[in-house]
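These notes are about the structure you will find just below.
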Amino acid sequence: MIRMIGGRPIHPVAAIPGGMSHPITEEQRQEIIAIARKNVSSASSRSAVHKHRAEEHRLRRPDHQRRLHAEDVLHGALVDSNNRLNFYDGKVRVVGPDGVEHCKYAPNDYREYVAERVEPWSRTSSSRI
């Protein structure tokens, strides 16, 4: 599809001033529709399988681990002095799922608030404040 629309598979050039760089034919349009339908069908079936497996995994985990993931997750973001989201400056504000602020700290003080460890049930490292 990318090659048909953009002329090449890597870094295609499709939209240009005044139109498209490679207008498609009716035959190509029909082929694109067929490919898209196939991809949607494939994605839908894979999504259903993933959802089923995720639910099986959730049911197999001990109750305390389900609670940890569902309820005890904290969220952090950089905010300004009015607690508005800021991408460049400010402090890290950490809140719980109930919206209550747990702490607020300068980014340089990260290690005083966050510890990293590996959980036995996970392949990734996690942080806990």
Side-chain angles (χ1 to χ4, degrees):
M1 281 178 31
I2 293 171
R3 184 184 304 257
M4 278 188 274
I5 295 170
R8 57 187 182 190
I10 307 293
H11 303 296
V13 178
I16 58 173
M20 301 295 285
S21 62
H22 295 86
I24 59 172
T25 65
E26 178 59 26
E27 182 179 300
Q28 289 173 319
R29 188 179 79 80
Q30 292 301 324
E31 187 177 349
I32 290 169
I33 290 170
I35 291 169
R37 285 188 176 138
K38 181 180 174 186
N39 288 342
V40 167
S41 174
S42 176
S44 295
S45 64
R46 288 179 187 184
S47 176
V49 168
H50 176 71
K51 184 177 179 181
H52 176 73
R53 287 184 180 167
E55 181 63 16
E56 283 180 340
H57 178 70
R58 186 187 69 79
L59 294 173
R60 283 196 309 262
R61 288 192 344 222
D63 187 54
H64 72 278
Q65 287 182 355
R66 280 199 301 276
R67 282 196 315 271
L68 172 69
H69 290 284
E71 300 166 4
D72 296 339
V73 176
L74 302 177
H75 302 276
L78 197 60
V79 297
D80 65 14
S81 60
N82 295 315
N83 287 336
R84 293 181 301 210
L85 182 63
N86 191 311
F87 295 104
Y88 302 104
D89 195 20
K91 292 189 175 185
V92 177
R93 181 174 186 241
V94 179
V95 298
D98 56 0
V100 174
E101 182 177 298
H102 286 255
C103 61
K104 189 187 291 183
Y105 59 89
N108 290 344
D109 297 332
Y110 171 82
R111 290 186 177 152
E112 295 178 33
Y113 290 86
V114 179
E116 296 181 6
R117 67 174 186 260
V118 176
E119 298 288 355
W121 44 264
S122 174
R123 294 183 189 164
T124 62
S125 63
S126 62
S127 301
R128 179 120 172 135
I129 291 181

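As the structure is a computational prediction, the values presented were derived from the model and not from experiment.
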Exercise. What pair of heavy atoms forms the shortest contact from G96 to L74, and how long is it?
Worked result: CA-CD2, 3.6 Å
Exercise. Quick one: are S44 and V40 in side-chain contact, heavy atoms under 4.5 Å?
Worked result: yes
Seminar exercise, completed: CD (E31) and CD1 (I24) are apart, to the nearest 0.5 Å, by 10.0 Å
Please list, one pair per line, the donor and acceptor atoms closer than 3.5 Å that link side chains of residues 3-11 to other protein atoms, with sequence neighbours excluded.
residue: R8; atom: NE; partner: I10; partner atom: O; Å: 3.4
residue: R8; atom: NE; partner: H11; partner atom: O; Å: 2.7
residue: R8; atom: NH2; partner: H11; partner atom: O; Å: 2.8

For this session: Answer yes or no: does atom CD1 of I35 have more than 12 heavy-atom neighbours from other residues, nucleotides or ligands under 6.0 Å?
Result: yes
Exercise. Same cluster or not: are Y88 and V79 linked, directly or through other Ile, Leu, Val, Met, Phe, Trp or Tyr residues, by side-chain heavy atoms under 4.5 angstrom apart?
Worked result: no
For this session: Answer yes or no: are there more than 12 heavy-atom neighbours, outside E27 itself, under 6.0 Å from its atom CD?
Result: no
Seminar exercise, completed: R84 meets the salt bridge (charged side-chain N to carboxylate O under 4.0 Å, His left out) criterion, sequence neighbours left out, with D80
Exercise. Less than 4.5 Å apart, any side-chain heavy atom of V92 and any of L78?
Worked result: yes
For this session: Return the minimal non-hydrogen interatomic distance between Y105 and V94, and the atom names on each side.
Result: CE2-CG2, 4.1 Å
Exercise. Atom CZ of R46 and atom OG of S41: how far apart are they, to the nearest 0.5 Å?
Worked result: 10.0 Å
Problem set entry | Taking every non-hydrogen atom, the tightest pair across K104 and Y113 | O-OH, 4.3 Å
